[in-house]
Each structure stands twice: as C-alpha cells, then as structure tokens.
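The block underneath contains the structure these notes are about, expressed in structure tokens.
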Amino acid sequence: MYDLIIIGAGPAGTSAAITAAAAGARVMLLERGILPRHKVCGEFVSPESLDLLSSLLRGATRNLLHDAPRIAAARLFVDDRILESAITPPAASIARFDLDATLWNAAQNLGVETRAQTTVQSIANDGPFQISTSAGSFEARSIIDASGRWSNLNAAPNGKHAGKWLGLKAHFAESPPPPSVDLYFFEGGYCGVQPVALTSDNDADETSRNRINVCAMVRADVASTLLEVFTHHASLVRRAQTWKPLTTPVTTSPLIFRPPQPLRGNILLAGDAAGFIDPFVGDGISLALRSGALAARSLLPFLKGKLELEKAAATYRSHYETQLLPVFRSSSKIRRLFSLPRIMRIPLMLLFQNTPALTQYLLRKTR
C-alpha cells in the first residue's frame, strides 16, 4: 500500500512526488512514456516559480537552474508593431528534455519508486484506490493524476470546439540569439522564440551554445509545419532564414481549452490534467510545478492521519481556485484580446505601444 501514487512524470507529477517524498510519504511515480523526450513546450520558467524549482532540484542538480539562460525581456510582435516589457526578476529558459530528466532523477534520489513505460489502465474505488497498469496492480491511499490533457483517464473533448489547433516545437541554432522571449502573432496563431542553451556547457559546440526553442500554436487550416508558420509573419520569416535545425519538430493536437477541473472524485488533478493554459502566457511549466506541489502539500495532513481524504481534496480545490485559477481566466481574456479583427487590434496595439505600463500589467496578470 503506497501513501501516494502519481500518474504522469512531467513537471507536475515530479513536483508532487518530490514534495510528498521529502515529507516522508511512500510514493510511486508512473510514466507511460520514455523519459527524457522532446515535448511541445515553450520551455519558459517564470520568475515566480524559480524558488520552488530550486527547492525541487536538490543538491548538484541545481546546476541545471544555475546554468539556464535568464530571460529579462519580452517582445510581442503584433501586426507591424512591437510591444516590449521587462521581466523582473528575470525568468529562466530550460529545455524540457533536460528539465524532465533532472526532476525524475531528483525524485529517485528521494526514494520515490519510479516506473517508466507503464500505462495506467483503470482506477477502482475512491480511496483507498486500486490501480491497474500494464505492469500489474497497485494500491494507494491517495492519487494525483498528472497524466496530461489526453490521457485515457480523462474525459475526451465534447466536439463543440471551433477549429483544430496544433502545437509545434523544434530547436534551432541562431547566432547570436537575443536574450528575450519573442512572440509573433498572426491570424490563426502565434510563435514563440527564446534562447535555451545551457550557459556553462563548455563541451558544446558553437551551434549548440546558440540553441533556441521555437514553439507555435496554430490553427490546422493555417499551418501544419513550422516552416509554414514562419511564412505568416514578415519579421519571423526574415529571422528564420538564418536558423539551422537542431532537432526534429514534434507536434501535439488537438489543443482545446476548457475550464480547469482540479478534482475527479477524490483524485487530485495537476498540470494539464487539471487545465491547459494558453502557451503564450509562458506559465505552463510554472503552473505545473505549482499545482503538483500544491496537490502534494494538500494531501500531507491526510497521509499523517490528521484529515479525511475528502477534506484534503476539498482543501486542494479551494487553494487551486484561489491561487491558480485566476491565471487561467487572465489567459482567456488576453487570448480573446489578440484574436480581435485587425481593424480593432490596430488602435489597441498603438495604445499598448505608447503606454509601456499597460504591457507590463498585461504580463503580470498571467503570473
């Protein structure tokens, strides 16, 4: 009987595993895929979560955070205008391939039992739980589902969403990459670009040291490849002419937004399993880390015999709705703002360009 079984070993799942194990819980972490692997992700870690990430990356693994490029500015390319804002304190840029591997190792170092290539097939009861997997059956006093958006454990989309959206991502080399996160908006999508090479990787060649992450969200009828995405913004197509591909592009679809759901019965949902945030706000990794840690901390009184599971789950829901749900609401409003017809966007972008404080306010509302 495990105190806690966590399904999914992305940032949310590993954050929960490390938090619970550090408090003395007996934890199992299940991952259906192989780690590490490249995933569609902006690879931006907002400054509000750097202290949490530092506490999770214990010992020598903190070098990953220390060596990560710092992003001190954001530039939004909207139509023919550029909105700029400082990011204070600076954010960090960490490749998911490196982040996932390091968090997985940190969990193992704390005694978490980790199993990759293990698919959860079903969950019975509402606590204690019986979990059937491709590697056998296990029992747990509590469960955190961090298995992502389209896990077989979560409800399928209801088909009422307009248009199909894709996520596309690859690494390129650019010499020299500017130390900013750059977002290019166009009709039917946007593309983000930022440096992502480790700053003290002395063994890397010049191409690897100039590594950038290029990640886009686009409607399927607008583009299906990154090369097609580049053609939809004049500044982006000029910039991309100098890039050298470093990785094979990866894709995820469909991207569908729905109201966050932090609970399913007495199972706590974290990361994208709870709610998918628009990638351009740059808080996907941050929300995953925070929701995973929050879920684990909410369960600790139950695991110590001080609270019933139902009340621990209700505590998580309450904290999620007050601490994390406002970010999703702000993201939804900003997404609608940038989706306005061009004739309405022009005066709005002019206002933002002439009033830098408004742009900074816009960014703060997504944190």
Side-chain angles (χ1 to χ4, degrees), residues 2-23 25 27-33 35 39 41 45-46 48-49 52-53 55-57 96 99-100 103-104 106-107 110 112 114 118 120 123 126-127 129 131 140-155 257-279 281 283-303 309-310 312-328 331:
Y2 291 88
D3 291 323
L4 171 62
I5 289 182
I6 300 164
I7 306 166
T14 49
S15 175
I18 293 169
T19 301
V27 181
M28 172 180 275
L29 178 61
L30 303 175
E31 167 57 41
R32 66 180 176 180
L35 288 175
K39 300 189 71 174
C41 178
V45 184
S46 61
E48 291 79 7
S49 291
L52 171 58
L53 182 56
S55 71
L56 297 171
L57 299 179
R96 277 293 299 273
L99 179 64
D100 287 354
L103 285 168
W104 177 268
L110 275 174
V112 174
T114 56
T118 302
V120 175
I123 301 174
D126 207 23
F129 301 89
I131 301 98
R141 297 173 60 200
S142 59
I143 291 180
I144 294 175
D145 179 0
S147 59
R149 295 186 300 279
W150 304 131
S151 161
N152 59 306
L153 302 175
N154 300 319
F257 305 96
R258 58 177 175 78
Q261 299 289 337
L263 294 180
R264 186 173 63 247
N266 285 331
I267 297 174
L268 281 59
L269 308 184
D272 284 353
F276 173 61
I277 192 168
D278 199 309
V281 304
D283 228 34
I285 291 177
S286 176
L287 284 177
L289 294 170
R290 291 164 62 190
S291 64
L294 183 62
R297 288 196 296 267
S298 298
L299 285 172
L300 291 180
F302 161 70
L303 297 179
L309 179 58
E310 292 82 358
T315 297
Y316 174 62
R317 178 194 291 276
S318 176
H319 289 329
Y320 189 100
E321 291 177 348
T322 56
Q323 298 179 30
L324 303 182
L325 188 56
V327 179
F328 286 89
S331 167

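Every heavy atom of this structure was used, including side-chain atoms; hydrogens, water molecules and symmetry mates were not.
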Ala25 and Leu303 have their tightest heavy-atom pair at CB-CD1, 4.0 Å
Val27 side chain near Tyr2 side chain, heavy-atom distance below 4.5 Å
no
Would Arg141 pass as a cation-pi partner of Phe302, given that its NZ or CZ must be under 6.0 Å from the six-membered ring centre and within 45 degrees of the axis?
yes
Closest non-hydrogen atom pair between Ala313 and Leu263, with its separation:
O-CD1, 3.5 Å
Nearest non-hydrogen partners of Ala296 and Ala20, listed with the distance:
CB-N, 4.0 Å
Search all heavy atoms of Ser291 against all heavy atoms of Ala12 and return the closest pair with its distance.
OG-CB, 4.3 Å
Expected output: side-chain Ser15 to main-chain Gly292 donor-acceptor under 3.5 Å
no
Within the 4.5 Å heavy-atom criterion, are Thr14 and Val112 side-chain neighbours or not?
no
Okay, side chain of Tyr316, backbone of Leu269: is any donor-acceptor separation there less than 3.5 Å?
yes
What I'd like to find out is whether the side chain of Ile285 reaches to under 4.5 Å of the side chain of Cys41, using heavy atoms alone.
yes
Do Leu29 and Ile7 touch side chain to side chain, with heavy atoms closer than 4.5 Å?
no
Between the side chain of Asp126 and the main-chain N/O of Asn266, is any donor-acceptor distance below 3.5 Å?
yes
What heavy-atom pair brings Arg317 and Pro262 nearest, and what distance separates the two atoms?
CG-CG, 4.0 Å
Do Ile144 and Leu4 come within less than 4.5 Å of each other through their side chains, counting heavy atoms only?
yes
With no hydrogens and no angle check, is any side-chain donor or acceptor of Ser318 less than 3.5 Å from a backbone partner on Thr315?
no
For the student: nearest non-hydrogen atoms of Ala288 and Pro11, plus distance
CB-CB, 4.0 Å
In the structure I gave you, are the side-chain heavy atoms of Ile143 and Ile131 within less than 4.5 Å of one another anywhere?
yes
Between Ile5 and Leu30, is there a side-chain heavy-atom distance shorter than 4.5 Å?
yes
When rounded to the nearest 0.5 angstrom, what distance separates CG in Leu300 from OG1 in Thr19?
8.0 Å
Can you tell me how far CG of Leu99 sits from NZ of Lys39, rounded to the nearest 0.5 angstrom?
11.0 Å
Exam field: side chain Thr118 to backbone Arg32, donor-acceptor pair closer than 3.5 Å:
no
CG/Leu294 to CG/Leu324 distance, rounded to the nearest 0.5 angstrom?
6.0 Å
Between Glu31 and Gly8, is there a donor-acceptor pair closer than 3.5 Å when you use the side chain of the first and the backbone of the second?
no
When rounded to the nearest 0.5 angstrom, what distance separates CZ in Arg290 from NE2 in His319?
13.5 Å
Can you find a pair of side-chain heavy atoms, one from Asp3 and one from Ser142, that are under 4.5 Å apart?
no
Point-to-point distance, once rounded to the nearest 0.5 Å, from OG of Ser286 to CG of Leu52
8.0 Å
Going from CG on Leu56 to CD1 on Ile18, what distance comes out if it is rounded to the nearest 0.5 angstrom?
5.0 Å
